[in-house]
Peer 1: 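Below you'll find the structure I mean.
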Number of protein chains: 2
Amino acid sequence: MIVGVIGGGQLARMLIPPAIALGVELRVLAEQEGMSARLASTNIGDYRDERVVLDFARGVDVVTFDHEHVPQAVLRALVAESIAVRPGPEALQFAQDKLLMRQRLSELGSPTPEWAAVSDKRELEQFINSNGGVAVVKTVRGGYDGKGVRVVRSSSQVEDWFDALDEDGHGGVLLAEEFVDFKRELAQSIARRPSGETATWPVVESIQKDGVCAEVIAPAPNQVPRLAEVASEIATSIAEGLGVTGVLAVEMFETTDERILVNELAMRPHNSGHWSIEGSTTSQFEQHLRAVLDLPLGPTGTRSPWTVMVNVFGGATSRPLEQSYRAVLQEFPFAKLHNYGKPPRPGRKVGHVTVCGDDLDDVTFDARAAAAALSS
Amino acid sequence: MIVGVIGGGQLARMLIPPAIALGVELRVLAEQEGMSARLASTNIGDYRDERVVLDFARGVDVVTFDHEHVPQAVLRALVAESIAVRPGPEALQFAQDKLLMRQRLSELGSPTPEWAAVSDKRELEQFINSNGGVAVVKTVRGGYDGKGVRVVRSSSQVEDWFDALDEDGHGGVLLAEEFVDFKRELAQSIARRPSGETATWPVVESIQKDGVCAEVIAPAPNQVPRLAEVASEIATSIAEGLGVTGVLAVEMFETTDERILVNELAMRPHNSGHWSIEGSTTSQFEQHLRAVLDLPLGPTGTRSPWTVMVNVFGGATSRPLEQSYRAVLQEFPFAKLHNYGKPPRPGRKVGHVTVCGDDLDDVTFDARAAAAALSS
């Protein structure tokens, strides 16, 4: 069983432990030497280069991903050679193009914010006016971690994006979305095998800072009746409707009037699922391997009443995390540390801390304090 | 943080996942290419060759072990170069020489079976006569997994061993031990840091078949009062008395008259501790890394009421384990599979299965059935 992963980041890195347990040979096509998943890197090259990717993929049983940026043409070249690609290009296009995603989710009847494709400032002004004087504007491609997203009250606030589209000359559009008055953000992860089996984890609360995931609480506390069921049904309908294989994370808003709206999709293990390494019987990384290999999926229940995951960002000093280990492990014995083995440039996600336990306040305090101590 | 492991077997392999989480660089000196820990193998060579081991060790922060067979001369050459070796040669000699171990444990006041060093058939007959007509005879060096151990009623049953000692000409002896009427076997694992901190896991029951560990139940069921405390105290006294750093597993007999006697020692992660990967907050593999790096030790409590680990042995057909995955994962969803990535020669330990849960009978049934299905 050989699984090829395109991309050498921390998601590929965290696939290594379950691959070792299952006896799966993991091969990683990394963008460069010394990346987070370097232990399993067998190839170095540009994932946009069809020849590079084909060379890599010919030796593996199935190709999967650390990120969603592999161009459709490259993906389709793999499929044309009968190489198993999971998720496949048909599914991945919806993670690569936010407009396609919105269109397809609307077709599937998934609850989404109001949205429109806007091709110029006039259309955007119209959308803003009919949506309470504010809109979230997104570039259709290439955004992540808050990049390519702006909250605007006037079309002039994205004039540079319209100018770039004009220069591009491909008749591109921007995506305008309703500014949702949300109570909090949730994330629902699901795994789906090619043979159709699905398994959802408990819905979690995801706390963002500056558009980047900072903390995850599993399961989401203070759930209104049927929240878990609704979130799971939405994710299942999307996984099936889009033909996703592997892990799919659905980021959602819980609105102040208790509706659930789908925000973003990620077709791979996702930051909102890292808690599952310690917190669930089957981690998202083991499950992703099982799903892309079309093996039976594992149970997704929790192993503790509460699990809190807090991201560790590079601090102002770029000090290696290891220098804080002695103090952190002494002071927070229940903290499980995950160090991505990346240079801790300021603001960069370089690790995470997970704490499981019975008391949510205690668990949250320890996870936050341990993560802060690691990055300070 | 670079940890060098001498030996490329499954214990080195199972150190890789916690090394990835902690951001520890693991380097393995393997006996040959393609061994169980191949993913982390950086050097291939003979661990009895001082030059090979020194070359390997000079680049790491601390040297530790997959097995206890590195000769004292080689270990002392590392120490002479101020390389951190954990456990060190002073401690390891007691794992390498069963006579030294018995002498030292007696000095420490650890409860052991009656024992004597016997240099010829006459001395062995004397021991047999004063111990109820039966003795367990062991070679002082080189035994493991039941090899180098015989239960005898007459000295002639180990005549070949005495002959070999005579030919060797070094005045060697055999170790004769009381044949203990035991109710069951237990194992107590402990970790100890150079700075002195220790942490014991719950005592477990270890079920042997043909002298080889077959099953482990954590914690040991049906404990008489104070069993856990006594087992933990014995292991702590040994770890401190022998100056062990890293993980130490103490194999024990629980006698029919409810005494605890120390049987064998292993100064490394041990088969009796594999349950801790899923079953404890800190696995023996993570703890071993923390201990040899002199980092604070993690909590060793259980994460489920019961954890059962069953070894998987190569079957009669040498069929790869992966061929059974679909059926096993379907039928035993709570079984966590560990495949050591070794050719499944008949009788060889090639993996293990762990199941955690609330009901000991259910957990035991699933773990046994899943392991049997994997190896059949």
Side-chain angles (χ1 to χ4, degrees), chain A residues 1 10 13-26 36-40 195 197 199 277-278 281-282 286 290 293-301 303-304 320-323 325-342 350-352 354-357, chain B residues 1 10 13-26 36-40 195 197 199 277-278 281-282 286 290 293-301 303-304 320-323 325-342 350-352 354-357:
Chain A
M1 296 186 300
Q10 63 260 29
R13 179 188 182 95
M14 288 186 271
L15 285 168
I16 302 173
I20 287 174
L22 289 171
V24 168
E25 182 180 339
L26 206 67
S36 190
R38 54 190 169 275
L39 188 62
S195 56
E197 186 193 4
I277 296 174
E278 291 87 4
T281 301
T282 310
E286 176 180 348
R290 288 164 73 155
L293 287 164
D294 203 17
L295 289 170
L297 301 177
T300 49
R303 295 205 63 195
S304 290
L321 302 190
E322 301 84 71
Q323 292 187 13
Y325 274 19
R326 215 165 292 269
V328 170
L329 293 172
Q330 189 70 49
E331 197 169 353
F332 307 102
F334 282 88
K336 305 308 287 186
L337 311 189
H338 295 263
N339 181 334
Y340 302 158
K342 305 198 291 190
V350 290
H352 74 266
T354 302
V355 181
C356 299
Chain B
M1 297 186 301
Q10 64 259 28
R13 179 188 183 95
M14 287 186 273
L15 286 168
I16 302 173
I20 288 175
L22 289 171
V24 168
E25 183 180 336
L26 206 67
S36 190
R38 55 190 169 273
L39 188 62
S195 57
E197 185 193 5
I277 297 174
E278 291 87 4
T281 300
T282 310
E286 177 180 348
R290 289 165 72 155
L293 288 164
D294 202 19
L295 290 170
L297 302 178
T300 49
R303 295 205 64 196
S304 290
L321 302 189
E322 300 85 73
Q323 291 187 14
Y325 275 18
R326 213 165 293 271
V328 170
L329 293 171
Q330 189 71 50
E331 198 169 352
F332 307 103
F334 283 87
K336 303 310 284 187
L337 311 189
H338 295 264
N339 181 334
Y340 301 158
K342 306 198 292 191
V350 291
H352 74 264
T354 301
V355 182
C356 298

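Nothing here was measured: the structure is a model prediction, and the numbers come from that model.
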Peer 1: What is the minimum heavy-atom distance between B:L293 and B:M1, and which atoms define it?
Peer 2: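 Where B:L293 meets B:M1 most closely, the heavy atoms are CD1-SD, 4.2 Å.
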Peer 1: If you look at every heavy atom in A:Y325 and B:L22, which pair is closest and at what distance?
Peer 2: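 Heavy atoms of A:Y325 and B:L22 come nearest at OH-O, 2.5 Å.
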Peer 1: Counting heavy-atom pairs under 4.5 Å to chain B, which of A:K342, A:H338, A:R326, A:Q330 comes out on top?
Peer 2: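 Ranked by heavy-atom pairs under 4.5 Å with chain B, first place is A:R326.
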Peer 1: Atom CD of residue position B:Q323 - does it have more than 12 heavy atoms of other residues, nucleotides or ligands inside 6.0 Å?
Peer 2: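 Check passes, neighbour count above 12.
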Peer 1: Which one wins on heavy-atom pair count under 4.5 Å against chain B: A:S304, A:P299, A:G23?
Peer 2: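 Of A:S304, A:P299, A:G23, A:P299 has the most heavy-atom pairs under 4.5 Å with chain B.
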Peer 1: Could you report the tightest heavy-atom contact between B:A199 and B:G298, atom names first, then the distance?
Peer 2: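 Of all heavy-atom pairs spanning B:A199 and B:G298, the closest is CB-O, 4.4 Å.
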Peer 1: Under a 4.5 Å heavy-atom cutoff, which of A:I20, A:I16, A:T281 has the most pairs with chain B?
Peer 2: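 Most heavy-atom pairs under 4.5 Å with chain B: A:I20.
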Peer 1: B:K336 versus chain A, heavy atoms under 4.5 Å apart: side chain, backbone, both or neither?
Peer 2: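 Side chain of B:K336 only, per the 4.5 Å heavy-atom cut-off to chain A.
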Peer 1: If you compare all heavy atoms of B:E197 against all heavy atoms of B:P296, which two are closest, and at what distance to 0.1 Å?
Peer 2: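 Closest approach of B:E197 to B:P296, heavy atoms only: OE1-CA, 3.6 Å.
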Peer 1: Considering only heavy atoms and a distance below 4.5 Å, find which of A:R303, A:H352, A:E25 pairs most often with chain B.
Peer 2: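 Of the options given, most contacts go to A:R303.
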Peer 1: What residue, out of B:D294, B:T282, B:I277, B:L321, has the most heavy-atom pairs lying under 4.5 Å from chain A?
Peer 2: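 Going by pairs under 4.5 Å, I would pick B:D294.
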Peer 1: Top residue by heavy-atom pair count (under 4.5 Å) with chain A, among B:V328, B:L329, B:V24, B:L26?
Peer 2: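 The option with the most such pairs is B:L329.
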Peer 1: Measure the CD-CG distance between A:E286 and A:L295 for me, rounded to the nearest 0.5 Å.
Peer 2: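 A:E286 atom CD to A:L295 atom CG measures 10.0 Å (nearest 0.5 Å).
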